[in-house]
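In what follows, chains are A, B, ... by sequence order, proteins preceding strands, each numbered from 1.
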2 protein chains.
Amino acid sequence: MATELKEQIINTSLFLFEKHGFHGVSVNQIVKASGTSKGGFYHHFQSKDELLFVIHDYFISYVLTNAEKAIVSSTYPTDKLQKIIKSFVTVFDLYKAHISVFYQESTYLKPKYEETIKQKRQTYRDIIFAVIQEGIDLGEFRPEISVSIIGMSIIGMINWSYKWYKKDGEKSIEEIADMYVDFILQSLLTEKAKQNPEFQSYFLHNRLPTGT
Amino acid sequence: MATELKEQIINTSLFLFEKHGFHGVSVNQIVKASGTSKGGFYHHFQSKDELLFVIHDYFISYVLTNAEKAIVSSTYPTDKLQKIIKSFVTVFDLYKAHISVFYQESTYLKPKYEETIKQKRQTYRDIIFAVIQEGIDLGEFRPEISVSIIGMSIIGMINWSYKWYKKDGEKSIEEIADMYVDFILQSLLTEKAKQNPEFQSYFLHNRLPTGT
DNA sequence: GAGCTAAGACCGACTAGTTGGTCTGTTTAA
DNA sequence: TTAAACAGACCAACTAGTCGGTCTTAGCTC
């Protein structure tokens with residue numbers, strides 16, 4: 001089939017890039033590992049740089065779509081934030097390699113590709129910032145926090161997971177997501193909002209106790 | 001002087017690596033930019049890989065020493081954690097390039113160097129984990145949290161700053177550090193610990209109000 | 001159905017340029 | 001006088017990318 005080889009190349013290089021980095025893997029290695037040839041590779045990709053872009057774009061587009069879905073399906077900012085966090089963290093099981101490449105190798109994106117990715121990334125940030133701002137405005141989140149700093153903290157804390165998360169680790173990705181939600185909401189919510197029965201299920205101490 | 005050129009090479013390549021990545025910079029570029037020659041370079045470094053290691057090791061050793069100082073100078077885990085956070089974040093102003101290289105290019109460390117760095121990194125984690133565990137044991141931190149997940153969340157959230165922090169940004173590194181401390185302690189501390197007058201200064205709402 | 005055609009899919013030897021690293025020196029300073 | 005500090009021409013290995021060619025298959029004609 002037409003796209004079979006292309007996907008094969010993408011998947012193979014994804015794991016190679018994750019392990020050895022973009023410049024640590026040569027086109028020769030890629031074509032060998034994906035069982036094709038130089039010709040096959042350059043039939044599907046203009047350049048090695050384009051391959052890197054395709055991987056980046058695929059991932060960020062997916063994540064962005066997810067976040068957009070999350071914010072329209074809820075009314076409370078607290079719910080929105082919770083959904084964004086959970087949906088993003090879940091991506092780790094599906095696209096661990098994509099994520100690693102996305103965060104490790106974006107330095108190597110050529111300018112013409114970089115622009116597109118940068119924009120989508122900014123859009124993602126803006127969605128999160130907007131939710132936090134809304135939370136403050138509606139009195140759910142503590143007003144003394146800084147939207148941008150807390151926003152970046154949340155993003156950073158979650159993103160960093162790609163450095164240590166392992167599928168066969170002792171905690172499932174859902175458990176980890178729940179801990180993130182608890183951690184973040186414990187800090188963001190006002191005392192009053194914490195009493196709201198709607199949000200009780202987001203707190204760990206209202207659930208089964210989970211230890212170290 | 002003996003070490004002058006060596007330091008010159010390190011500093012130059014630090015900024016080159018930060019911008020273009022380890023493999024995005026050739027030895028020729030390095031020697032040109034630092035005003036020396038191949039001979040000069042290989043007189044001071046066994047290989048390009050060793051240079052990368054030296055940069056890594058310098059940075060992690062510095063950070064590690066800082067954390068060790070922080071934990072002996074305090075008695076309360078809350079204070080310890082606060083000091084670790086503040087001391088680490090302050091490093092951003094001093095060693096932004098080191099940090100970027102440390103997190104971006106460690107993939108390219110050759111195995112024989114990687115081991116040393118990995119160990120020091122683990123030691124750093126262990127220090128933080130131990131402080132959190134101690135906080136739980138002494139009743140300052142909420143018992144339902146997971147030491148490792150929260151530990152990695154804190155590390156991630158702070159580390160991620162290297163992706164966006166700018167020296168001439170609108171917030172100083174001290175302000176950002178204070179926000180991290182507030183964010184983290186709001187979530188970690190038990191209701192009772194939050195009442196402890198010793199810890200009041202760590203919370204934003206007890207300070208001058210800072211907006212978005 | 002058989003026979004033909006054209007185009008997309010793929011192959012791999014080849015190239016021009018670059019890479020990290022070496023080696024034979026020369027300079028410097030103690 | 002001696003050893004460390006540096007210089008730079010040189011090299012083998014590898015790099016991304018090219019290009020003339022072959023294979024496969026869908027669609028058409030009879």
Side-chain angles (χ1 to χ4, degrees), chain A residues 1-57 101 104-114 117, chain B residues 1-57 101 104-114 117:
Chain A
M1 202 182 287
T3 53
E4 221 167 54
L5 179 62
K6 188 169 180 178
E7 269 164 31
Q8 173 62 27
I9 293 172
I10 292 176
N11 283 326
T12 308
S13 51
L14 208 40
F15 290 102
L16 290 173
F17 288 164
E18 184 186 14
K19 231 185 189 168
H20 310 107
F22 181 69
H23 277 102
V25 180
S26 71
V27 177
N28 271 325
Q29 284 174 274
I30 294 172
V31 300
K32 203 173 171 187
S34 41
T36 179
S37 63
K38 276 285 180 75
F41 181 92
Y42 283 97
H43 179 74
H44 290 289
F45 301 97
Q46 265 192 34
S47 61
K48 196 188 170 191
D49 298 294
E50 198 200 284
L51 167 62
L52 186 63
F53 167 73
V54 169
I55 293 173
H56 271 72
D57 194 57
V101 173
Q104 287 289 344
E105 312 302 327
S106 60
T107 336
Y108 296 120
L109 274 176
K110 285 268 145 50
K112 70 166 176 172
Y113 299 120
E114 197 188 5
I117 302 298
Chain B
M1 199 183 289
T3 52
E4 221 166 55
L5 179 62
K6 188 168 180 179
E7 268 164 31
Q8 173 62 28
I9 293 173
I10 292 176
N11 283 324
T12 308
S13 52
L14 209 40
F15 291 102
L16 289 173
F17 288 164
E18 185 186 13
K19 231 185 191 168
H20 309 108
F22 181 69
H23 276 104
V25 180
S26 70
V27 177
N28 271 324
Q29 284 174 275
I30 294 171
V31 300
K32 203 174 171 187
S34 39
T36 180
S37 62
K38 278 283 181 78
F41 182 93
Y42 283 97
H43 178 74
H44 290 289
F45 301 99
Q46 267 192 34
S47 61
K48 195 187 171 193
D49 297 294
E50 198 201 285
L51 167 61
L52 186 63
F53 168 73
V54 169
I55 293 173
H56 271 72
D57 195 56
V101 173
Q104 285 290 345
E105 313 301 329
S106 62
T107 336
Y108 297 120
L109 275 176
K110 284 270 146 45
K112 70 166 175 171
Y113 299 120
E114 197 188 6
I117 303 297

[N] [atom2] sits how many Å from [X] [atom1], rounded?
X      : N      : atom1 : atom2 : answer
B:L52  : C:dG21 : CG    : P     : 12 Å
A:Y108 : D:dA16 : OH    : P     : 13 Å
A:I9   : D:dG17 : CD1   : C1'   : 14 Å
B:K48  : C:dG20 : NZ    : C1'   : 8 Å
A:F45  : C:dC10 : CZ    : C1'   : 14 Å
B:K6   : D:dC6  : NZ    : C1'   : 15 Å
B:H20  : C:dT18 : NE2   : P     : 16 Å

Does [X] reach the main-chain N or O of [Y] with its side chain, forming a donor-acceptor pair under 3.5 Å?
X      : Y      : answer
B:E50  : B:S47  : no
A:Q104 : A:V101 : no
B:N11  : B:E7   : yes
B:S13  : B:L16  : no

### Message
Against the six-membered ring of A:F45, is A:K6 placed for a cation-pi contact (under 6.0 Å from the centre, within 45° of the normal)?
### Response
yes

### Query
Checking B:K48 against B:F22: charged group under 6.0 Å from the ring centre and within 45 degrees of the axis?
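Yes, B:K48 lies over the aromatic ring of B:F22.
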
Atom pairs, N/O to N/O, protein against nucleotides 26-30 of chain C, distance under 3.5 Å?
none

### Task
For D:dA4, take OP1 and OP2 only and decide whether either is under 4.0 Å from a side-chain N or O of B:H44.
no

### Query
Among residues 22-43 of chain B, which residues get a heavy atom nearer than 4.0 Å to DNA chain C?
B:V25, B:S26, B:V27, B:K38, B:Y42

### Query
Who pairs with B:D49 by side chain to side chain donor-acceptor pair (under 3.5 Å), at least two apart in sequence or on another chain?
B:K110

### Task
Begin with the C-alpha distance, continue with both residues' side-chain angles, and end with the deciding distance and a verdict on ring-ring contact (aromatic ring centres under 6.0 Å, His included) for B:Y113 and B:H56.
CA-CA 9 Å; B:Y113 299 120; B:H56 271 72; 9.9 Å; no

### Query
Hey, what do you get for OG1 (B:T107) to CD (B:E114), rounding to the nearest 0.5 Å?
9.0 Å

